[in-house]
Amino acid sequence: MFLPSFDLEGKTAIVSGAGRGIGRAIAIGLAEAGANVALLSRTEEDLKETSSVIENLGRKTLVLPTDVTKRDQVHNSISAVSSEWGKIDILVNNAGMNIRSKALEATDEEWQTIMDTNLKSAFMMSQEAGKIMKDQNAGGKIINIASVAGQVALRTGVVYAATKAALMQMTKVLAMEWGQYGINVNSIGPWYFKTPLTEKLLADEAYVQDILAVTPLKRIGELPELVGPVVFLSSDAGNYVTGQTLFVDGGMTIHGF
Ligand SMILES: NC(=O)C1=CN([C@@H]2O[C@H](COP(=O)(O)OP(=O)(O)OC[C@H]3O[C@@H](n4cnc5c(N)ncnc54)[C@H](O)[C@@H]3O)[C@@H](O)[C@H]2O)C=CC1
Ligand SMILES: C[C@H](O)[C@@H]1OC(=O)[C@H](O)[C@@H]1O
């Protein structure tokens, strides 16, 4: 047999930022592939909407309102998943935000907020879940949602770009340290997808034309096209992939001239 399983039946997953956008799509996609999914973000109402969709699929959810920039809340929520389900197989660090200031206008507060939300949160979540993956279930899969902004220079903010570049490097070091525990750590690097984070930008036709001009596939991605690679990295099919960033970008990061 040469086709490994993409099935996540019986797996438990945690997704941060699962209340909307990419996080909601990933949470639902992991459930469609068979996983039970713990949903984290700050907005309980949003999480309940995601939960309702997943439970209609016959999968279990845990709705865990959490500010992932706060260590105590991260610890409590991840401990709750371990207590309720006995293990953590998959962690998706998706929560993120951006304030698109020019470098000379970026404030210290913006720096701290973006760093805490996009980078520190992923490290704390990975530490808390990684301990459980190492000690209780002999391995797991961690997927960080980075960005093409961590690989090539965009006009969408230097601080955001720094967090995403750091996230990809953190992915490599954790993969090296935790491979011995059977923990795979990878990143996904999206280009633009239509979500609440980007909908205003993508409503500007001139901006969209600028995007398409550097996108070989000449279109904005659809959310299922991002979920597929996440399911691959979460499944047995991805068992020998670690420390990598998979750019899901319509070819943007290889566009040259
Ligand atoms: N939409 C896009 O085109 C792209 C998005 N990304 C990345 O994908 C991830 C998701 O982005 P979108 O879905 O577009 O954003 P979004 O703004 O639609 O959703 C972000 C989610 O993160 C949650 N969140 C933010 N701060 C939080 C905190 N402190 N604690 C808990 N939850 C928090 C929000 O509540 C929301 O559910 C982000 O990391 C973003 O940087 C990367 C490349 C492109
Ligand atoms: C591709 C970027 O990650 C994208 O650009 C933005 O303006 C948003 O902040 C998205 O993250």
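Whatever order the structure lists ligands and atoms in, that order sets their numbers, starting from 1. Computed from a predicted structure; not experimentally measured. Residue numbers start at 1 and run along the sequence shown.
The protein heavy atom nearest to atom 4 (C) of ligand 2 is Tyr192 CE2, 3.7 Å. Atom 11 (O) of ligand 2 has Tyr160 OH, 2.5 Å as its closest protein atom, hydrogens excluded (heavy atom only). Atom 20 (C) of ligand 1 has Gly96 O, 3.8 Å as its closest protein atom, hydrogens excluded (heavy atom only). The closest protein non-hydrogen atom to atom 8 (O) of ligand 1 is Ile145 CG2, 3.4 Å. Regarding atom 1 (C) of ligand 2, its nearest protein heavy-atom neighbour is Ser147 OG, 3.6 Å. In terms of protein heavy atoms, atom 14 (O) of ligand 1 is closest to Thr195 OG1, 2.5 Å. Remark: minimum distance from atom 43 (C) of ligand 1 to any protein heavy atom is reached at Pro190 O, 3.4 Å. Of the protein's heavy atoms, Tyr160 OH, 3.7 Å lies nearest to atom 40 (C) of ligand 1. Among protein heavy atoms, atom 35 (O) of ligand 1 sits closest to Ser41 CB, 4.0 Å. At the top of the distance list for atom 30 (N) of ligand 1, counting protein heavy atoms only, stands Val68 N, 3.0 Å. Distance from atom 25 (C) of ligand 1 to its nearest protein heavy atom, with residue and atom name: Arg42 NH2, 3.4 Å.
For ligand 2, the polar-atom distance check against Thr198 finds no nitrogen or oxygen pair separated by under 3.5 Å. Residue Arg100 has at least one nitrogen or oxygen atom sitting less than 3.5 Å from a nitrogen or oxygen atom of ligand 2, judged on distance alone. Considering both main-chain and side-chain atoms, Ser147 never comes within under 3.5 Å of ligand 1 through any nitrogen or oxygen pair. For the pair Trp191 and ligand 2, the shortest N or O to N or O distance does not fall below 3.5 Å. Of the polar atoms of Leu40, none of the N or O atoms is found under 3.5 Å from an N or O of ligand 1, judged by distance alone. When only interatomic distances are considered, the shortest N/O to N/O separation between Ile22 and ligand 1 falls below 3.5 Å.
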Quiz prompt | From CA spacing to verdict: salt bridge (Lys or Arg N to Asp or Glu O under 4.0 Å), Arg59, Glu32 | solution = CA-CA 8 Å; Arg59 301 296 170 204; Glu32 289 169 338; over 6 Å; no
Practice problem: Would you please test Glu110 and Ser101 for side chain to side chain donor-acceptor pair (under 3.5 Å) and show each step? | Solution: CA-CA 9 Å; Glu110 289 175 3; Ser101 297; 2.7 Å; yes
Practice problem: Just do the side chain to side chain donor-acceptor pair (under 3.5 Å) check on Thr66 and Gln73 with the steps written out, would you? | Solution: CA-CA 6 Å; Thr66 312; Gln73 296 187 36; 5.4 Å; no
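By the 6.0 Å contact criterion, NZ on Lys87 is enclosed, its count of non-hydrogen atoms from other residues, nucleotides or ligands being greater than 12. Applying the 6.0 Å contact sphere to NZ of Lys131 captures more than 12 heavy atoms from other residues, nucleotides or ligands. More than 12 non-hydrogen atoms from other residues, nucleotides or ligands lie less than 6.0 angstrom from CH2 of Trp85. Remark: Phe6 CZ is packed, more than 12 non-hydrogen atoms of other residues, nucleotides or ligands lying under 6.0 Å away. Residue Lys218 places its NZ atom among more than 12 non-hydrogen atoms of other residues, nucleotides or ligands, all under 6.0 Å distant.
Ile22 and Val230 fall within the same hydrophobic cluster, defined by Ile, Leu, Val, Met, Phe, Trp and Tyr side-chain heavy atoms under 4.5 Å apart, directly or through other members.
Using a 4.0 Å cut-off between heavy atoms, Leu197 contacts ligand 1 through both its backbone and its side chain. Of all the heavy atoms of Lys194, none lies under 4.0 Å from any atom of ligand 1, so neither backbone nor side chain is involved. When non-hydrogen atoms are compared, ligand 1 lies under 4.0 Å from the side chain of Thr117 (C-beta onward) but not from its backbone. If you look at Lys164 next to ligand 2, there are no close heavy atoms at all, none under 4.0 Å.
Near Gly17, the atoms of ligand 1 lying under 4.0 angstrom from a non-hydrogen atom of the residue are 21 (C), 22 (O), 23 (C), 37 (O). Interface atoms of ligand 1 facing Pro196, defined by a heavy-atom separation under 4.0 Å, are 18 (O). Taking every non-hydrogen atom of Leu201 and a distance limit under 4.0 Å, the qualifying atoms of ligand 2 come out as 7 (O). Here is the list of ligand 1 atoms found below 4.0 Å of a heavy atom in Thr66: 30 (N), 31 (C). Within ligand 2, the atoms closer than 4.0 Å to a non-hydrogen atom of Thr156 are 5 (O), 6 (C), 7 (O), numbered from 1 in the order shown. Atoms of ligand 1 found under 4.0 Å from any heavy atom of Thr69 (numbered from 1 in listed order, with element): 29 (N). Taking every non-hydrogen atom of Asp67 and a distance limit under 4.0 Å, the qualifying atoms of ligand 1 come out as 28 (C), 29 (N), 30 (N). Near Leu154, meaning under 4.0 Å from any of its heavy atoms, are these atoms of ligand 2: 1 (C).
For the atom pair Arg71 CZ and His75 NE2, the distance stands at 9.5 Å (nearest 0.5 Å). To the nearest 0.5 Å, atom CG of residue Leu119 and atom NZ of residue Lys164 are 9.0 Å apart. Taking CD1 of Ile78 as the reference point, atom CG of Leu40 lies at 7.0 Å (rounded to 0.5 Å). Atom-to-atom distance recorded for Leu39:CG and Glu49:CD is 12.0 Å, nearest 0.5 angstrom. Summarising the geometry, atom OH belonging to Tyr192 is positioned 10.0 Å from atom OG1 belonging to Thr215; distances are rounded to the nearest 0.5 Å. To the nearest 0.5 Å, the span separating OG on Ser121 from CE on Met115 amounts to 12.0 Å.
Evaluated by nearest non-hydrogen atom to atom 44 (C) of ligand 1, the leading choice among Tyr192, Phe193, Trp191 is Trp191. Considering only non-hydrogen atoms, atom 17 (O) of ligand 1 lies nearest to Arg20 out of Arg20, Lys120, Lys70. Taking only non-hydrogen atoms, the option from Ile145, Asn98, Asp249 nearest to atom 9 (O) of ligand 2 is Asn98. Taking each of Asp116, Asn94, Thr113 in turn, the one with a heavy atom nearest to atom 39 (O) of ligand 1 proves to be Asn94.
A donor-acceptor contact closer than 3.5 angstrom links the side chains of Ser82 and Gln136.
Between Glu225 and Arg219 the shortest heavy-atom distance is OE2-NH2, 2.7 Å.
The only option from Thr171, Leu91, Val92 that meets the side chain to side chain contact (heavy atoms under 4.5 Å, CB included) definition with Asn144 turns out to be Thr171.
At least one heavy atom of Ala146 sits closer than 4.0 Å to an atom of ligand 1.
Between Leu174 and Ser126, some side-chain heavy-atom pair lies under the 4.5 Å cut-off.
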